[in-house]
There are 2 protein chains.
Amino acid sequence: MYNILVVDDDKEIVNAIEIYLSQEGYHIIKAYDGEEALEKLKENEIHLIILDIMMPNKDGIETLQEIRKDKTIPVIMLSAKSEDYDKIAGLNTGADDYVTKPFSPLELIARVKSNIRRYVDFSHANDTNGKNKNQKEKVLKTGTLEMNDETKKVMVDGKDIKLTATEYNILKFLLENKGKVYSIEQIYENVWNEESYGAENIIAVHIRHIREKIEINPKDPKYLKVIWGIGYKVEDIQ
Amino acid sequence: MYNILVVDDDKEIVNAIEIYLSQEGYHIIKAYDGEEALEKLKENEIHLIILDIMMPNKDGIETLQEIRKDKTIPVIMLSAKSEDYDKIAGLNTGADDYVTKPFSPLELIARVKSNIRRYVDFSHANDTNGKNKNQKEKVLKTGTLEMNDETKKVMVDGKDIKLTATEYNILKFLLENKGKVYSIEQIYENVWNEESYGAENIIAVHIRHIREKIEINPKDPKYLKVIWGIGYKVEDIQ
DNA sequence: TCCCTTTTTTTAGGAATCCTTAATAAAAAA
DNA sequence: TTTTTTATTAAGGATTCCTAAAAAAAGGGA
């Protein structure tokens, strides 16, 4: 079975997580600060890490950066509700997912399962060719539209495009899944990490802004297309 | 259908909740304190729990902690007005959601549905073999008719077909069950997720539209056939 | 901290597209 | 032929999407 490293200075939370996840058949290894986490990571074979952001000694973001120097295992960040700055910082430094406290046990379980599945699926899928798919593709591309997720630069026809954070995230999500059609709800839930609740126009507005920036003729989009009654997609162009 | 355990010492509230939720097709099991709740939980297969925080004998938080020792089903906490301390305490001890009293029936129903959708529908689907059973086959096919449910593309003889959302859903339903014959009522109920109520022509109209798009000769359909007096089917062709 | 700028969300109106209804025609069964 | 069932057609009414602009929130610099 899989070993999960749980890192949080709040012992109650660590214990609670242990209860939830061990019921699902995972084996839990605990750490209470960043330093300890790095030690445990060396000593054990870990398949996934749950990492709190606010911690003494070495906080979650620093710890994550250390981890990422030589590991690509999935990391789920834990952050207190309102510190969404941390969310972004965490995600930009290599987290695979995040969960806000207080969190629902089932949500945590779902995310753990999903991240493990993705990780395991990918690592089995590509023994043959040299490229490691665990390292997510950093440059996303369709037609003449390019997005470099490391530098956060977006280009169309070789020209720089300046997107806002939200616009970037929406485009990134659709570009990572180019060709596939997603409903407004799905887009919202994937980009905001929250349940969508009547947030339909928000997407429409951002879509329009993105189109204004990446499309030659926003009224007849080449990349960001609507599938009437179903959702949106980014066209997959060779 | 789903069984919901409702726990509150106020019988009126329990009865009110029963009325709301049974109208939505849920089966309600009642308990009036924490001890009773734990008993009912042992005796029945419960899919979701609605749990009041303030109760005699054993309060909601204690009860929740007991539950969490060996169950991971979704729990929605009920808390009086503004005691948001309880909310947080409840969530940190493993609640998945909470609703404050007084609550609107619609809000409660929405949260129940959302929690069941997120955590119950999917959880049992992929235990046995590697493949997720909920993940239906992505590409549906019969003869030269192909449907890709990820890209929402439909092709006949290699040519793109543009269907509307409803047409797509009808064809998808019949294609997922190719060869089988469904009555107009069954098609309506499966595609609209509502009781069919004399809405017979609707299907006929859509069927005609689909035929116009996918059939060479709509009057003598090759794929979408009528079984006179019984219903429609999509022919299963190798 | 406050102010200014930028970004995000909300609101509202209009436009495009699709769904449903209803009426009639055609086909199959009785 | 009569009855029942399905097919066809066309027009409102309803959805869904687009657009603009203003309000609200977030970010940045003094």
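Chain naming here is simple, since letters A, B, ... match the order of the sequence lines and numbering starts at 1 in each.
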What is the separation between atom [atom1] on [X] and atom [atom2] on [N], rounded to the nearest whole Å?
{"X": "B/I227", "N": "D/dA7", "atom1": "CD1", "atom2": "P", "result": "11 Å"}
{"X": "A/I230", "N": "D/dC17", "atom1": "CD1", "atom2": "C1'", "result": "14 Å"}
{"X": "A/I202", "N": "D/dT16", "atom1": "CD1", "atom2": "P", "result": "17 Å"}
{"X": "A/I184", "N": "C/dT9", "atom1": "CD1", "atom2": "C1'", "result": "15 Å"}
{"X": "B/N201", "N": "C/dT21", "atom1": "CG", "atom2": "P", "result": "9 Å"}
{"X": "A/E200", "N": "C/dT11", "atom1": "CD", "atom2": "P", "result": "14 Å"}
{"X": "B/K225", "N": "D/dT6", "atom1": "NZ", "atom2": "C1'", "result": "16 Å"}
{"X": "B/I203", "N": "D/dT8", "atom1": "CD1", "atom2": "C1'", "result": "16 Å"}

*Mind telling me whether B/H206 and B/W192 have parallel, tilted or perpendicular rings, with 30° and 60° as the class edges?*
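Answer is tilted, since the angle falls between 30° and 60°.
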
*For the residue pair B/Y26 and B/Y2, does the interplanar ring angle fall in the parallel (under 30°), tilted (30 to 60°) or perpendicular (over 60°) class?*
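Aromatic pair B/Y26/B/Y2 classed tilted.
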
*Would one find a side-chain N or O of B/Y232 under 4.0 angstrom from OP1 or OP2 of D/dA7?*
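Answer yes for this pair, as a side-chain N or O of B/Y232 is under 4.0 Å from OP1 or OP2.
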
*Heavy atom of residues 162-174 of chain A under 4.0 Å from DNA chain C: which residues?*
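Residues of residues 162-174 of chain A under 4.0 Å from DNA chain C: A/K162, A/T164, A/A165, A/T166.
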
*Under a 4.0 Å heavy-atom cut-off, which of residues 205-224 of chain B touch DNA chain C?*
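Heavy-atom contacts with DNA chain C come from B/V205, B/H206.
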
*Five-pair end axes of the helix from C/dT1-D/dA30 to C/dA30-D/dT1, angle between them (10°)*: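 Inter-axis angle at the termini of the helix from C/dT1-D/dA30 to C/dA30-D/dT1: 40°.
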
*A/V205: what forms a side chain to side chain contact (heavy atoms under 4.5 Å, CB included) with it, not counting sequence neighbours?*
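Expected list: A/H209.
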
*Test log, rule side chain to side chain donor-acceptor pair (under 3.5 Å), inputs A/K30 and A/N15*: CA-CA 9 Å; A/K30 306 179 200 173; A/N15 287 332; 3.2 Å; yes

*Is there a donor-acceptor contact under 3.5 Å linking the side chains of A/D52 and A/Y32?*
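Absent: no donor and acceptor within the cut-off.
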
_Test side chain to side chain donor-acceptor pair (under 3.5 Å) applied to A/D33 - qualifying residues, sequence neighbours left out_ =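 Applying side chain to side chain donor-acceptor pair (under 3.5 Å) to A/D33 gives A/N57.
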
Looking only at heavy atoms, which two atoms of [X] and [Y] are closest? And how far apart?
{"X": "A/K225", "Y": "A/P221", "answer": "CE-O, 3.3 Å"}
{"X": "B/N115", "Y": "B/D96", "answer": "OD1-CB, 3.8 Å"}
{"X": "A/T142", "Y": "A/Y223", "answer": "O-CE2, 3.4 Å"}

*May I ask you to test the A/N193-A/D97 pair for a side-chain heavy-atom distance under 4.5 Å?*
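Counting from C-beta outward, A/N193 and A/D97 do come under 4.5 Å.
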
_Could you tell me if the side chain of A/T63 sits less than 4.5 Å from the side chain of A/V7, heavy atoms only?_
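Heavy-atom side-chain distance check fails, nothing below 4.5 Å.
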
Give every pair of a protein N or O atom and an N or O atom of nucleotides 25-30 of chain C that lie under 3.5 Å apart, one pair per line with the distance.
none

_Pairing of A/E176 and A/K178 as salt bridge, 4.0 angstrom limit_ =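 Looking at A/E176 and A/K178, the cut-off is not met.
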
*CD (B/E212) with more than 12 external heavy atoms under 6.0 Å*: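 Check passes, neighbour count above 12.
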
_Within the supplied structure, the quantity of interest is the number of heavy atoms (other residues, nucleotides, ligands) at a distance under 6.0 Å from A/K213 NZ; does it exceed 12?_
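Above 12, so yes.
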
